[in-house]
Amino acid sequence: MKKRMVHLAVAQMGPVQRGDSRAQVVERLKAMLQEAHRRGARWVVFPELALTTFFPRWDLKDQAEIDSFYESSMPNATTASLFVMAMQLGVGFYLGYAEIVGGRHFNTSILVAPDGNVTGKYRKIHIPGDAQAQDNAPIQHLEKKYFEVGDLGFPVWQTEQAKIGMCICNDRRWPETWRTMGLQGIEIGMVGYNTPSAYVQWDEPIHLRMHHHLLSLQASSISRDTAGLSTMAC
Ligand code: CDV
C-alpha cells in the first residue's frame, strides 16, 4: 500500500441547547471548519445530530415539534453556507443530523468531499435507548422513539485521499460495523457520537466511559479485517 499523509480533524463543538437555532449552530460549525483548515486538516468530523440539541433526551409529545428537529434535504437553506465554505477551503467533512424522508425518521450522517459534494450517506443501525419514556428517569434516552433502524448498510466510499466509512455513536461498539466495512477495505472510519453523561439502561461509571469508548475504537482498528484503519470519533 502506498504511504499517504492525510490531515484529519475532529471538531468537538460542545453542547447545543434546545433554544439554539440551526443558523447559530451552522456558524459554530463554520468557525471550527476554518480553524481545522488553518491547522492543515483535509477532513473534519462533526458530532452525531450536530445541527440541533440532542432531542432524544426529551419525551416530546407534539409531532410538529418533533418533526422540527429533522432535515428533509441536505444541503438546505440553513446549511448551504457550510458546504460552500468547505468547497472554498477544500476541506471535506462528516456531519450527523436527523433526517426525515417520506415520513420516515433516521439518525443520519453524510460524507461531504473537499469539492463540496455529498459523496456518501449512512443511517444509524444500532439505535440505543427506549421507544417509550421510563418512569422517574432523570434523563431519558429515546432514540428508539425518534428513529427507525437505518436501511443503507455500512458502505465505504473511495475518495481522493482514502477509502472512508461512516457509523454513528453506538454503532462503534459492535464488531459487525467494523467487519462489514473492513471487508470493503476501509482506511478511515468516521464516527460522530453523543454519549450521555448518564444513561438510563446502563449505569456505567464515569471513569470507564472514556475507557470503553477508546477500547471499542482501538480494538476495531487493529482487528484482522480492519488492519491499518484510522478511526476519527467526535
Ligand atoms: N447516542 C448514542 O448512540 N449513545 C450510546 C449510548 C446511549 C450507550 C453510545 O454508545 O454512546
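When a ligand or atom number is given, it counts from 1 through the structure's own listing order. Just so it is clear, the structure is predicted and the values come from calculations on it, not from any experiment.
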Under 4.0 Å, heavy atoms only, figure out whether ligand 1 is touched by the backbone of [X], its side chain, both or neither.
X    : answer
H213 : neither
R173 : side chain
R172 : side chain

Looking at [atom], what's its closest protein heavy atom, distance included?
atom                   : result
atom 8 (C) of ligand 1 : Y199 CE2, 3.8 Å
atom 6 (C) of ligand 1 : P196 CD, 4.0 Å
atom 2 (C) of ligand 1 : C169 SG, 2.9 Å

Ligand 1 atoms in contact with [X] (distance to a heavy atom under 4.0 Å):
X    : value
P128 : 2 (C), 3 (O), 7 (C)
K124 : 1 (N), 2 (C), 3 (O)
T195 : 9 (C), 11 (O)
E143 : 1 (N), 2 (C), 3 (O)

**Item:** K163/E187 ion pair, N-O < 4.0 Å
**Value:**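 Looking at E187 together with K163, the answer is no, because their closest N to O distance does not fall below 4.0 Å.
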How long is the straight-line distance from [atom2] of [Y] back to [atom1] of [X], given to the nearest 0.5 Å?
X    : Y    : atom1 : atom2 : answer
I66  : H105 : CD1   : NE2   : 7.5 Å
L183 : W178 : CG    : CH2   : 13.5 Å
H213 : Q218 : NE2   : CD    : 8.5 Å

**Request:** Would you check if there is a donor-acceptor pair between the side chains of D130 and Q140 at a distance under 3.5 Å?
**Result:**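 Note: Q140 and D130 side chains miss the donor-acceptor criterion.
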**Prompt:** Do T195 and R172 have a side chain donor and acceptor closer than 3.5 Å?
**Reply:** yes
**Message:** Show me the pairs that pass side-chain hydrogen bond (donor to acceptor under 3.5 Å, both in side chains) and involve residues 78-94, at least two apart or across chains.
**Reply:** K30-S81, N76-T79
**Asked** Taking both backbone and side-chain atoms of N170, is any N or O found less than 3.5 Å from an N or O belonging to ligand 1?
**Response** yes
**Prompt:** Taking the side chain from Y199 and the backbone from I139, do they hold a donor-acceptor pair closer than 3.5 Å?
**Reply:**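 A pair under 3.5 Å: no.
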**Message:** With the threshold set at under 4.0 angstrom, would you say F54 reaches ligand 1 through any of its heavy atoms?
**Reply:** yes
